[in-house]
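What follows is a set of notes on a single structure, which appears directly below.
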Amino acid sequence: MLRKLHQYQYQCQCQWNNKPPLHFRILSSLLLFSKPSSSVSAAMLPHDQDQDQDHQLRTFAFGRFVGPRPRLYPPAELDRKISQFLLSHVLAGERSFNDLHSLIYQIVQQEGSGSAPSICELLLHNFHGWKWDSNIVVWDMLAFAYSRFQLVQDALFVLAKMKDLNLRASIQTYNSLLHNLRHTDIMWDVHNEIKDSGTPENEYTNSILIHGLCEQSRLQDAVSFLQISKGKDTGLSVASFNTIMTRFCKLGYVDVAKSFFCMMLKCGLHPDSYSYNILIHGLCVAGSMEEALEFKNDMEKHGVEPDIVTYNILAKGFHLLGLMGGAWKVIQDMLLKGFNPDVVTYTILMCGHCQMGNIEEGLKLREEMLSRGFQLSIISYSVLLSCLCKSARFEEALILLYEMEALGLKPDVITYSILIHGLCKKGEVHRAILLYEEMCLRRICPNYFTHGAILFGICEKGNISEARKYFDNLITSDLVEDIVLYNIMMGGYVKLGNIAEAVQLYQKLTEKKITPSIVTFNTLIHGFCKSNKLEEAWRLLDTIKLHGLVPSVVTYTTLMNAYCEVGNIDGMLELLREMEAKAVMPTHPNTPSGEALHG
DNA sequence: CTAGGGTTAG
């Protein structure tokens with residue numbers, strides 16, 4: 001693999017007169033970062049991983065970016081392309097940017113990935129000598145379009161050509177590129193290039209960098225970056241604050257987000273609807289509906305009108321607490337304010353019906369949407385599919401899947417995972433694996449949800465050794481390391497009464513410094529109870545607390561059942577007292593943990 | 001930069 005990279009670097013040097021190591025770094029880092037389909041084969045069949053990555057490199061590097069040479073267009077196509085670009089230049093000259101925008105998008109979409117060299121060649125040969133002022137607009141829009149379609153390599157190719165031609169890219173194009181590269185350190189190279197080129201940054205540039213730091217879990221750095229930018233003209237923007245607040249909310253630290261909100265006010269910035277919506281969302285997820293509603297009032301008082309997003313967030317908040325009545329009230333309020341429900345509103349309502357088991361009502365909403373001329377989204381379909389699968393109505397699910405594809409909506413990894421999970425849960429592992437293969441063929445990369453579903457299915461079938469093989473492949477390939485997978489595997493052993501293997505897995509995960517969850521302990525407790533080792537089970541209650549976790553309703557009921565069965569009434573009563581004393585609450589999944597702040 | 005979909009335990 002390294003050899004190929006060197007070879008590639010050499011080619012770059014020849015082609016670009018030694019200039020852009022940037023491309024090289026991006027390629028190598030994208031490769032390491034994206035790890036596309038190797039996890040699939042690593043998991044399904046024993047496979048030589050190095051060979052696989054080598055193959056990826058070939059398609060990635062030689063097929064797309066280095067791409068032997070610009071491909072030659074057949075004459076008719078060449079004429080068409082030239083006329084498209086002629087039109088582009090005219091539109092640019094007339095400043096009809098909307099039309100230009102859609103035309104270039106169309107071209108990029110037609111040409112697809114790896115097309116930048118040929119397109120650039122075409123532009124150079126046919127338009128460059130003309131010295132039109134509109135030239136730069138067309139080039140810039142082209143780079144922008146590639147970036148928006150996530151064809152980063154192509155975008156970089158165009159940018160490099162532009163640099164050769166002394167054409168300066170716009171900050172929008174750079175921002176889009178920064179956004180696409182925000183997961184990697186290359187973001188900073190692009191940022192340096194922006195500075196070198198003298199392109200003035202705008203208010204979004206910094207917020208994208210901050211967003212990148214946040215997504216790389218470098219929250220501390222993101223905050224420092226915000227502080228450093230105080231001095232700069234374009235540094236401190238509402239968008240930057242919003243990004244930081246989003247991150248803290250996602251980690252469950254709504255209070256911290258609130259203090260950033262205050263800081264924003266102190267800096268003389270005016271929170272926009274995003275700022276309010278982010279906080280309201282955070283509060284809703286935390287279950288603090290009252291405070292969320294207060295913020296909505298506050299927002300109105302400060303002249304920021306709640307928008308449809310605000311209402312949808314609030315409706316979802318009530319739905320999360322199982323209070324569909326509250327959700328309805330929010331939606332009525334919304335209708336009174338003159339907003340029409342959108343796809344998201346409908347999806348939340350569908351979700352509500354489905355969760356209460358009213359599939360028919362959910363399906364009726366689909367009809368209503370269609371009759372009102374709404375196109376269902378991939379998410380609305382997923383909600384319905386999930387619901388149908390839970391009732392084992394697979395044939396209807398398949399019909400919906402066809403409907404969705406006929407509308408041009410491509411199922412994604414979540415849609416597939418829902419179906420795969422549904423099938424596995426009902427013992428149809430074979431059909432699930434067929435779907436799994438289908439998704440892999442379509443280059444949709446399975447994630448730990450998908451793997452978890454398959455693993456669960458194999459465990460349920462009782463085929464524990466096969467399940468273990470699958471699990472070991474996932475773990476050793478180092479691609480999927482998730483506590484849930486351990487939990488499922490441990491659950492598989494426990495179901496067969498093999499507590500010893502479950503305990504060994506527990507030891508393995510502690511060695512690997514993977515944080516156990518409450519489910520891990522509940523599974524073990526259940527296992528010990530099943531083997532009549534009540535003392536061990538009881539001792540785990542303390543271990544849970546040592547890990548800073550809170551025993552759940554499941555923990556207590558598992559233990560209480562076991563004590564009942566052996567007729568130990570005292571033990572049971574003690575558990576009941578403890579449970580009442582702790583006022584065990586219905587759960588919210590993500591209890592914030594301190595480490596995210598320092599990662 | 002904000003909203004809507006998917007795992008494991010009794």
Side-chain angles (χ1 to χ4, degrees), chain A residues 179 203-204 206-208 210-211 214 237-247 249-250 272-282 284-285 307-317 319-320 341-352 354 376-387 389-390 411-422 424-425 447-457 459-460 482-492 494-495 517-527 529-530 552-562 589:
Chain A
H179 177 79
E203 51 171 326
Y204 291 106
N206 262 17
S207 78
I208 295 167
I210 290 175
H211 189 197
C214 286
S237 61
V238 177
S240 301
F241 274 102
N242 290 347
T243 309
I244 297 258
M245 294 196 320
T246 305
R247 195 60 189 184
C249 283
K250 276 200 180 128
D272 58 9
S273 58
Y274 281 66
S275 324
Y276 279 102
N277 287 342
I278 291 162
L279 271 187
I280 293 174
H281 181 232
C284 283
V285 170
D307 54 15
I308 185 132
V309 177
T310 321
Y311 289 104
N312 284 338
I313 290 170
L314 287 167
K316 174 69 187 175
H319 164 239
L320 272 176
D342 65 0
V343 192
V344 177
T345 322
Y346 271 107
T347 310
I348 294 167
L349 290 174
M350 277 181 181
C351 220
C354 286
L376 273 77
S377 70
I378 184 165
I379 298 182
S380 356
Y381 274 108
S382 299
V383 171
L384 294 174
L385 286 173
S386 165
C387 198
C389 283
K390 275 181 192 143
D412 64 4
V413 59
I414 299 184
T415 322
Y416 271 108
S417 298
I418 289 170
L419 293 167
I420 289 171
H421 175 248
C424 284
K425 194 105 189 175
N447 60 16
Y448 50 88
F449 280 102
T450 333
H451 291 304
I454 298 266
L455 183 65
F456 179 79
C459 282
E460 284 290 278
D482 192 84
I483 185 62
V484 176
L485 292 174
Y486 279 89
N487 292 344
I488 295 170
M489 194 65 233
M490 285 164 67
V494 163
K495 246 170 234 132
S517 69
I518 187 65
V519 180
T520 319
F521 292 111
N522 289 345
T523 308
L524 283 174
I525 289 178
H526 182 213
C529 289
K530 241 179 134 174
S552 69
V553 197
V554 181
T555 323
Y556 287 113
T557 41
T558 311
L559 277 167
M560 282 159 72
N561 271 336

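The figures here come from the full heavy-atom set of this structure, side chains too, leaving out hydrogens, waters and symmetry mates. Below, chains carry the letters A, B, ... as their sequence lines are ordered, and counting in each starts from 1.
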Side chain of A:H526: nearest nucleotide among B:dG5, B:dG4, B:dG10? B:dG10

Out of B:dT8, B:dC1, B:dT2, which nucleotide sits closest to the side chain of A:N487? B:dT8

Just call it for A:T558: base, sugar-phosphate, or nothing, with non-hydrogen atoms closer than 4.0 Å on any strand. sugar-phosphate

How would you label the contact of A:I378 with the nucleic acid (heavy atoms, under 4.0 Å): base, sugar-phosphate, or nothing? base

Here the distance between atom P of B:dA3 and atom CD1 of A:I280, to the nearest Å, is 12 Å

Is a donor from one side chain sitting under 3.5 angstrom from an acceptor on the other, for A:N312 and A:D342? yes

For the side chain of A:Y274, starting at C-beta, report the closest nucleotide among B:dT8, B:dG5, B:dC1. B:dC1

Looking at every strand, decide which applies to A:T523 at a 4.0 Å heavy-atom threshold: base, sugar-phosphate, or nothing. sugar-phosphate

With A:K425, which residues qualify under salt bridge (Lys or Arg N to Asp or Glu O under 4.0 Å), at least two apart? none

State which of B:dA3, B:dT7, B:dT2 makes the closest approach to the side chain of A:F449. B:dT7

Assess whether one donor atom and one acceptor atom, taken from the side chain of A:S386 and the base of B:dG5, lie less than 3.5 Å apart. no

Look at the side-chain N and O atoms of A:H421 and state whether any lies under 4.0 Å from the OP1 or OP2 oxygen of B:dT8. yes

So A:V343, base contact, sugar-phosphate only, or nothing? Heavy-atom distance under 4.0 Å. base

Could you please name the option among B:dG10, B:dG6, B:dA9 that lies closest to any side-chain atom of A:N561? B:dG10

Would you say A:K530 reaches B:dG10's phosphate, i.e. side-chain N/O to OP1/OP2 under 4.0 Å? no

Any donor-acceptor pair, under 3.5 Å, between the side chain of A:D342 and the base of B:dG4, if you only look at N and O atoms? no

Report the residues that fulfil side chain to side chain donor-acceptor pair (under 3.5 Å) with A:K530, sequence neighbours left out, ordered by chain and then residue number. none

Do the side-chain N or O atoms of A:K390 get closer than 4.0 angstrom to the phosphate oxygens (OP1, OP2) of B:dG6? no

Within the side chain of A:S386, is there an N or O that forms a donor-acceptor pair under 3.5 Å with the backbone of A:S382? no

Which of B:dT8, B:dA9, B:dG5 is nearest the side chain of A:T415? It is B:dG5

Select base, sugar-phosphate, or nothing to describe what A:S275 touches, counting heavy atoms under 4.0 Å on all strands. nothing

Which part of the nucleic acid, if any, lies within reach of A:A453 when heavy atoms closer than 4.0 Å are counted: base, sugar-phosphate only, or nothing? nothing

Could you tell me whether a side-chain N or O of A:S237 sits under 3.5 Å from a main-chain N or O of A:E203, the two making a donor and an acceptor? yes

Regarding A:V484, tell me which of base, sugar-phosphate or nothing describes its non-hydrogen contacts under 4.0 Å with the strands shown. base

Would you indicate what A:I414 reaches in the nucleic acid, counting non-hydrogen atoms under 4.0 angstrom: base, sugar-phosphate, or nothing? base

Determine the contact category for A:H319: base if any of its heavy atoms lies under 4.0 Å from a base atom, sugar-phosphate if only primed atoms, P, OP1 or OP2 are that close, otherwise nothing. nothing

Regarding A:D412, tell me which of base, sugar-phosphate or nothing describes its non-hydrogen contacts under 4.0 Å with the strands shown. base

Donor-acceptor pair, side chain of A:N447 and main chain of A:T450, under 3.5 angstrom: yes

Rounded to the nearest Å, what distance is computed from the OH atom of residue A:Y346 to the P atom of nucleotide B:dA3? 22 Å

